[in-house]
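Everything below concerns the one structure shown next.
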Amino acid sequence: MKKKAVPVIQSATELKQYYEQLVRHDYLEDYIDDTRPDENELWFVYSILIKREPTDRAIAITLAWGYVHAGLAIHELVSLHNKNDDTSKKKRQLNVLAGDFYSALYYQSLAGVNAVDMIELFGSTLQEIYEQKMAIYMDKEAPFQERLQQLKAIESLLLTSITKKLNITDYDELVRTFFFYKRLCRDEQEATEGKISPLRLSLRNGQHSNEVEENMFEEAKKVEWHLIQEEAATHQDEVGELIRLLFERDGGV
């Protein structure tokens, strides 16, 4: 079987376009919630991986990470469509199928560059993510801040597992802060639309009023914002510069 040529990727926009090309499917476009990573997230991952990996593996692992990112978010949304009307049932079923579709894509991406080491790592890390999420959902007595920090670690667990495997852990704190800040931004947007995000649902324990809860999420977002500035300043290279430019341009949202 002839190996598929890797395209020349020179920008975040090109990487995102390539990702979109590979996941394009009519029912994903028409029926499924959009959980795909944005171009800044994909480029951030690629900028770290290319420091240790040849181009074809760096692209393949970045794409695989992006597929898993979308698939995990899709599976989280399944629990939100919990009504029993036909439309909600169809939405749940399609989201489950979409999650499976993304899982198949990540395996295909890694297999395409013979990344057996990464296939094994992705599988074991995904199991760990599911187990940790379940533990948080079950533990309703833990304080808000403790559970928030647990979710922060889970949000970037796959990428930090990859960087540990590749011995490029210098960016791990920036990774954890950046992706959790992005998650909090998405949560805030969904809250303004009257939606309960998976993040908020997992943290809600009935002990806080809506006003108190909003204040806690807003404060958490401010904390992560400042942490990103501090951490990016410690990296005087293209990765740190990328984050600084994002926040100077549009706040990283």
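The structure presented is a predicted model; accordingly, all values stated were derived computationally and were not measured.
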- Trace of the side-chain contact (heavy atoms from CB on, under 4.5 Å) decision for Glu173 with Thr160: CA-CA 9 Å; Glu173 192 54 42; Thr160 55; over 6 Å; no
- Check the pair Ile48 / Trp43 against side-chain contact (heavy atoms from CB on, under 4.5 Å), numbers first and verdict last. CA-CA 9 Å; Ile48 294 173; Trp43 192 247; over 6 Å; no
- How far apart are the C-alpha atoms of Asp237 and Lys51, what are their side-chain angles, what is the distance that settles it, and do they pass the side-chain contact (heavy atoms from CB on, under 4.5 Å) test? CA-CA 11 Å; Asp237 60 6; Lys51 288 181 168 290; 3.7 Å; yes
- Query: Step by step, would you call Glu20 with Arg36 a side-chain contact (heavy atoms from CB on, under 4.5 Å)?
  - Reply: CA-CA 9 Å; Glu20 295 289 352; Arg36 293 167 292 188; 2.7 Å; yes
- Query: So Tyr19 and Tyr67, ring-ring contact (aromatic ring centres under 6.0 Å, His included) or not? Walk me through it.
  - Reply: CA-CA 9 Å; Tyr19 177 94; Tyr67 302 143; 5.2 Å; yes
- Task: Check the pair Glu188, Lys221 against salt bridge (charged side-chain N to carboxylate O under 4.0 Å, His left out), reporting the backbone distance first and the verdict last.
- Result: CA-CA 9 Å; Glu188 182 179 63; Lys221 184 183 171 188; 2.6 Å; yes
- Give the C-alpha distance, both sets of side-chain angles, the deciding distance and a yes or no for ring-ring contact (aromatic ring centres under 6.0 Å, His included) between Tyr171 and Phe178. CA-CA 10 Å; Tyr171 303 98; Phe178 175 75; over 10 Å; no
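Residues meeting the salt bridge (Lys or Arg N to Asp or Glu O under 4.0 Å) test with Arg52, sequence neighbours left out: none. The side-chain contact (heavy atoms from CB on, under 4.5 Å) check on Glu120 picks up Val116, with sequence neighbours excluded.
Annotation: Gln108, atom CD; neighbour count of heavy atoms from other residues, nucleotides and ligands within 6.0 Å does not exceed 12. Heavy-atom contacts from other residues, nucleotides or ligands closer than 6.0 Å to NZ of Lys165 number 12 or fewer.
Between Asp38 and Lys16 the shortest heavy-atom distance is CA-NZ, 4.1 Å. Listed here is the closest heavy atom pair of Thr35 and Ala70: OG1-O, 2.9 Å.
Outside the 6.0 Å centre-distance limit, the rings of Phe180 and Trp225 are not counted as a close aromatic pair.
Exactly one residue among Lys152, Lys182, Arg183 makes a side-chain hydrogen bond (donor to acceptor under 3.5 Å, both in side chains) with Glu224. That residue is Lys152.
Ring orientation note: the planes of Tyr106 and Phe122 are close to parallel, at an angle under 30° on the 30°/60° scale.
Glu231 is not listed as a side-chain neighbour of Thr177, based on a closest heavy-atom distance of 4.5 Å or more. The closest side-chain heavy-atom distance from Leu105 to Leu22 is not below 4.5 Å.
When only modelled atom types and interatomic distance are considered, Gln145 and Gln149 share no side-chain donor-acceptor pair under 3.5 Å. Side-chain polar atoms of Glu131 and Gln127 form a donor-acceptor pair below 3.5 angstrom.
Atom CD1 in Ile129 sits 7.0 Å away from atom OG in Ser161 (nearest 0.5 Å).
The cluster map of Ile, Leu, Val, Met, Phe, Trp and Tyr, joined by side-chain heavy atoms under 4.5 Å apart, puts Tyr18 and Val23 in the same cluster.
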